[in-house]
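Just so it is clear: chains get the letters A, B, ... in the order the sequence lines come, proteins before strands, and each one is counted from 1.
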There are 2 protein chains.
Amino acid sequence: MVQKQDLETDFDPNETPTGKYKAGKIRDENIANILQAAEEVFVQYGFKGTSIQAIADKANIAKANVHYYFKSKSNLYVAVLGNLMHLWNDFFDQVTEDDDPATVLDEFIRKKVALSYSHPRASKLFAMEIIQGAPHLKDYIRTDMRQWVRTKAKVIQSWIDQGRMAQHVDPVQLIFLIWSSTQHYADFEEQVLTIMNCAEYEQEMIDNISNFLSQMILTGCGLTPPQR
Amino acid sequence: MVQKQDLETDFDPNETPTGKYKAGKIRDENIANILQAAEEVFVQYGFKGTSIQAIADKANIAKANVHYYFKSKSNLYVAVLGNLMHLWNDFFDQVTEDDDPATVLDEFIRKKVALSYSHPRASKLFAMEIIQGAPHLKDYIRTDMRQWVRTKAKVIQSWIDQGRMAQHVDPVQLIFLIWSSTQHYADFEEQVLTIMNCAEYEQEMIDNISNFLSQMILTGCGLTPPQR
DNA sequence: CAAAAACCTGACCAAATAGACAGAAAAATC
DNA sequence: GATTTTTCTGTCTATTTGGTCAGGTTTTTG
């Protein structure tokens, strides 16, 4: 009862049962099922607006069974958030001052756009959480995320100091710009698609978007976009 | 009972009383008060998550009195949305092919950033609505907003055709980029401020942000940012 | 095939919810 | 100051909410 809970406190489902018997393929499947359903409903209605019943319906299980795996709504919500937070820092991560700015930024932008395409709901849920004041992610932002930004900003600054990027670029603002411009395609999907009169994104659009943003931002930084 | 309701259908409070007596300073004040309170609560908890009671509390009136002015929750929500939609199209509006791209874009960017600063909640509420699939704004986006974008895109395209802007700029994507990068500072305020370790925006930061984005985007378009 | 553990769920509860409504209070008009 | 109209609110109802729990069913293990 006091096992791993101590480390990842809230980010986990109910502690697994006593453990003598098989801890559970069933368990894993159900948890995955619930998390997936919860993600969809939370995105659509927000934390407060989401009912456990709605999640249970979407997951095709009884409401009480959701509570069997997650002891409270906020427990489940935090689990959903935690489940997708790992997507954020996965790349752009082992960058050094010696790397080529153009290559790195180009790749970063493309990966972020690809992420918007592959995990739109993750991006949306994160956005909603922040817009509402980040009640569940304040700590994460203040510690991990801030640190991440500082580290990357330092590398970018060194590129500028080395004369490899335009003087006017503020590294932190640049990171914000890349975040905002790429996530926009996930978060504002509805708006973007409606205005462009498209039913859904296609690979070709994603490539165009990536090309555009990469061109635009790299040029803005005084860099020459890599050939492709 | 069938008066102006026909035009702006849902965007209005309850029809004013019969009208023989003074239609109401009290009325106007209360409606403004409710709209303001509703805006705050809707942003914080989303449409479904917001209770009329919470709005009434924030407005310091009885719950039933909210229903006296707005017949339903969604009626009130739509009124709040409508009340802030006018902010969007207010500027960048009488632009022509003959204007100077750099001047126009610079001004557009600055005005959008200023708007993020002056009306952060409006931006946030709009963002939440879109993220959740724009259930109340689909029509507006498909008609007015799409038309607005097309008109502006045409002007930008003509600048490109005249050789006054870089070839690689897709006008619609450019508009998206300006929207996303500027609104980010309102919508993700919590994240931005936390990472920058600031308590709140100050005019100086807003200027820096504007300068950065203007420099970046204009340079990206192959334009020379106007002197200031 | 038992017994133990994991999994499941219908029934229940207290609290909160959107909204209706009758009638009280306040204001505006004459 | 009387009356008409607007404004206000306490009370009520229906439904939904998060969460509990006792007891059922299924699976795992030996």
(message) Can you tell me which nucleotide in C:dC7, D:dT9, C:dT9 comes closest to the side chain of A:Ile26?
(response) C:dC7
(message) Could you check whether A:Tyr77 and A:Phe42 have their ring centres less than 6.0 Å apart?
(response) yes
(request) In whole angstrom, give the distance that lies between atom CD of A:Glu29 and atom P of C:dA6. (result) 17 Å
(message) Tell me which one of A:Glu190, A:Glu40, A:Glu189 satisfies salt bridge (charged side-chain N to carboxylate O under 4.0 Å, His left out) with A:Lys124.
(response) A:Glu189
(message) Take a 6.0 Å sphere around CD of A:Glu204 and say whether it holds more than 12 heavy atoms from other residues, nucleotides or ligands.
(response) no
(request) Ignoring backbone atoms, establish whether A:Ser51 has a side-chain N or O less than 4.0 Å from OP1 or OP2 of D:dT17. (result) yes
(request) Please state how far atom NZ in A:Lys63 lies from atom P in C:dC13, giving the value in whole angstrom units. (result) 14 Å
(request) Let me know the distance between CD1 of B:Ile55 and C1' of C:dG19, rounded to the nearest Å. (result) 14 Å
(request) By nearest nucleotide on DNA chain C, pick out whichever of A:Ala62 and B:Thr50 is the more 5' one. (result) A:Ala62
(request) Starting from P on D:dT6, measure out to CD1 on B:Ile31 and report it in whole angstrom. (result) 13 Å
(request) Give a yes or no on whether the backbone of A:Asn211 and the side-chain of A:Ser214 come within a donor-acceptor separation of less than 3.5 Å. (result) no
(message) Rounded to whole Å, please give me the gap between CD1 in B:Ile52 and C1' in C:dG19.
(response) 9 Å
(request) Tell me the partner of C:dG10, counting only Watson-Crick (N1-N3 plus N6-O4 or O6-N4) or G-U wobble (N1-O2 and O6-N3) with both under 3.5 Å; none if nothing fits. (result) D:dC21
(message) Nearest to the A:Asn30 side chain among D:dG18, D:dT7, C:dC7, which nucleotide is it?
(response) C:dC7
(message) Whole angstroms only, please: what is the CG-P distance between A:Asp28 and C:dA6?
(response) 14 Å
(message) Can you measure A:Tyr45 atom OH to D:dT16 atom P for me and round it to whole angstrom units?
(response) 14 Å
(message) So, does A:Tyr69 get its side chain near the phosphate of C:dC8, meaning an N or O under 4.0 Å from OP1 or OP2?
(response) yes
(request) Please evaluate the base of D:dG19 for a donor-acceptor partner in the side chain of A:Lys73 within a cut-off of under 3.5 Å? (result) no
(message) Both A:Lys48 and A:Ala64 contact DNA chain D. Taking the nearest nucleotide for each, which residue is further toward the 5' end?
(response) A:Lys48
(message) Closer than 4.0 angstrom, basic N to acidic O: yes or no for B:Lys25 and B:Asp28?
(response) no
(message) Among D:dT17, C:dC8, D:dT9, which nucleotide has an atom closest to any side-chain atom of A:Asn65?
(response) C:dC8
(request) Based on the glycosidic angle (syn within 90° of 0, else anti), state the conformation of D:dA14. (result) syn
(request) Answer yes or no: side-chain N or O of B:Lys71 and base N or O of C:dG19 forming a donor-acceptor pair under 3.5 Å. (result) no
(request) Determine which nucleotide pairs with D:dA14, using a 3.5 Å limit on both distances of a Watson-Crick or G-U wobble pair. (result) none
(message) Less than 4.0 angstrom between a side-chain N/O of A:Arg27 and OP1 or OP2 of C:dA6, yes or no?
(response) no
(message) Surrounding CD of B:Glu200 (heavy atoms of other residues, nucleotides or ligands, distance under 6.0 Å), is the total greater than 12?
(response) no
(message) Without decimals, in angstroms, what is the distance between B:Asp57 CG and D:dT9 P?
(response) 12 Å
(message) If you compare every side-chain N and O of A:Asn75 against the phosphate oxygens of D:dG19 (OP1, OP2), does one of them come in below 4.0 Å?
(response) no
(message) When you measure from the side-chain N and O atoms of B:Tyr68 to the phosphate of D:dT7, is any distance below 4.0 Å, counting only OP1 and OP2?
(response) yes
